[in-house]
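Proteins come first, then strands; the chains are lettered A, B, ... in the order of their sequence lines, and each starts at number 1.
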2 protein chains.
Amino acid sequence: MDKNLKRMATMQRLQVTGLELFYNNGYYNTSVDDILKELSLSKGAFYYHFDSKEDFFIQILENLLARKVYSLLIEPIEGHDNPVQLITDCFENALETAVHNELDCGFVLSNFVNEFRGKNEKISKHLNDILQIWEVNLVSTIQKGKFNGHIDRHVDAEGVALFLMSSYMGVRTLMADNAPSARKYRFMAQLKQFFKSIEVKQPAI
Amino acid sequence: MDKNLKRMATMQRLQVTGLELFYNNGYYNTSVDDILKELSLSKGAFYYHFDSKEDFFIQILENLLARKVYSLLIEPIEGHDNPVQLITDCFENALETAVHNELDCGFVLSNFVNEFRGKNEKISKHLNDILQIWEVNLVSTIQKGKFNGHIDRHVDAEGVALFLMSSYMGVRTLMADNAPSARKYRFMAQLKQFFKSIEVKQPAI
DNA sequence: ACTTAAACCGACCGGGCGGTTTGTTCAAGT
DNA sequence: ACTTGAACAAACCGCCCGGTCGGTTTAAGT
């Protein structure tokens, strides 16, 4: 049993470090040796645990990245409160996390999607799956808001979801380059402005 | 004089093909040989005209990419008409171009910014300069709209500009992966919704 | 104490890359 | 006809990367 534990521990260390380096430098610009050097492990260790660099990355996607996206962007908006408030708080929190992340390199999913497009269909599919889960979740949350009277019934839920995803992905890229905190603040203000325009007008009591 | 003409022609061919391949595959994943193979030229030809791969890319940025961004995203919104309409039409047209571009790989600037971040400061600076010109132009256009009565005076021009840039960059990434035409349509509808919320309320005559 | 297998090491290989160098072609100037 | 230099060809260099493989260490089972 201890064997299994050690195996898991080493694989976990490799994956965590791998994601960090892939995130910062890109997949193709990070060599397996770079990751191994960071952990003082050898090529033999790596290829004992993983079939290939590609297999390694896919496991990172499933074990680390998908869960990260889920806990940061999906789980927080699942609830029966005001969807507008839930999404606003969720974005606020996600962007705040990005601000305080010293080595933030933009929205990791967005970067990888761009890097693998047209170059590795297998990985691209995995990445698209994660994005799609996010999209589906956003759409259903917005639909919920339409039914429970928080969002105007005429809005196109898929359109709003797309707009939210687009703006989030874009601002993460821009935040990574300049003045992340100021840009986060400005972005959130405009996001709220947008939300106001799709909310049902509450009659002032 | 004919010499100079031929020189220019060859350099131009190299740059156009280079941008195309860099755009599709990324800078680090495109070898100089890849570009040369496309044009049936040799390494000697390349290094006769350019100092290095980096120098080559920077010339592409200045000669092709900057002008492309200018003609597609900056020049169209410079005018004294309704800024909201100008920006809407500009985005509509830019996205339509992307839809009909067979090999569209998202917003080229956004991709390059991500690829070079933290890896090549010189190139990153060039890219940021281009983005900044776009931003400044958007801000001044919005300011103009505030002064000439098309946009509400209370809106934060820099915030709106950031929001526009973010959403555009994001949707370009998403359009490159799935259903570009449908996503363009949905995006534009939401963009107009956003604009409606920052326009001054025209009293119905 | 011995076996066994998991876990790991590190040298090595084939290939591709950015960049250099040497040599060739060809057109313009005289 | 000869020179000159721009424009290109092609072989080459040093480096790095993904992946392989034979060997070594470690620890659990008996």
message: Without decimals, in angstroms, what is the distance between B:Asp55 CG and C:dG19 P?
response: 10 Å
Distances for protein N/O vs nucleotides 20-24 of chain D N/O pairs under 3.5 angstrom?
none

For residues 67-74 of chain B, which side-chain N or O atoms pair as donor and acceptor with protein atoms under 3.5 Å away, sequence neighbours left out?
| unit_1 | atom_1 | unit_2 | atom_2 | d |
| --- | --- | --- | --- | --- |
| B:Arg67 | NE | B:Asn63 | O | 3.3 |
| B:Ser71 | OG | B:Arg67 | O | 3.3 |
| B:Ser71 | OG | B:Lys68 | O | 3.1 |

field: Test side chain to side chain contact (heavy atoms under 4.5 Å, CB included) applied to A:Asn24 - qualifying residues, sequence neighbours left out
entry: A:Glu20, A:Leu103, A:Cys105
message: Rounded to whole Å, how long is the line connecting atom CG of B:Leu14 with atom P of D:dA7?
response: 12 Å
task: For DNA chain D, determine which residues of residues 25-41 of chain A have any heavy atom closer than 4.0 angstrom to one of its atoms, and list them numerically.
output: A:Thr30, A:Ser31, A:Val32
- request: Verify the contact: side-chain N or O of A:Thr10 to OP1 or OP2 of C:dC8, cut-off strictly under 4.0 Å; return yes or no.
  value: yes
- prompt: Quick one: which of B:Val108, B:Asn120, B:Asn111, B:Leu61 gives a side-chain contact (heavy atoms from CB on, under 4.5 Å) with B:Leu127?
  reply: B:Leu61
message: What I want to find out is whether A:Asp156 reaches B:Arg186 closely enough, with some N-O distance under 4.0 Å, to be called a salt bridge.
response: yes
field: Salt-bridge present (A:Asp177, B:Arg117; N to O < 4.0 Å)
entry: yes
message: Strictly below 4.0 Å: does A:His49 bring a side-chain N or O up to OP1 or OP2 of C:dC8?
response: yes
query: Between atom CZ in A:Arg13 and atom P in C:dA7, what is the gap in whole Å?
result: 13 Å
query: Without hydrogens or angle criteria, can the side chains of A:Ser31 and A:Asp34 be said to hold a donor-acceptor pair below 3.5 Å?
result: yes
message: Check the phosphate of C:dA7 against A:Tyr48, side-chain N and O only, distance under 4.0 Å to OP1 or OP2. Yes or no?
response: yes
query: With sequence neighbours left out, what residues match B:Asn82 under side chain to side chain contact (heavy atoms under 4.5 Å, CB included)?
result: B:Val84, B:Gln85, B:His150, B:Glu199
- prompt: Whole-Å distance between C:dA6 P and A:Phe46 CZ?
  reply: 19 Å
Spacing between A:Asn120 atom CG and D:dG18 atom C1', to the nearest angstrom: 14 Å
- request: Quick one: list whatever passes side chain to side chain contact (heavy atoms under 4.5 Å, CB included) with B:Ser167, sequence neighbours left out.
  value: A:Phe163, A:Ser167, B:Phe187
query: What's the CZ-C1' distance between B:Phe50 and C:dG18, to the nearest Å?
result: 16 Å
- request: Would you please indicate yes or no on a ring centroid separation below 6.0 angstrom for A:Phe22 and A:Phe112?
  value: no
- prompt: Please give, in whole Å, the distance from D:dG19 P to A:Phe57 CZ?
  reply: 14 Å
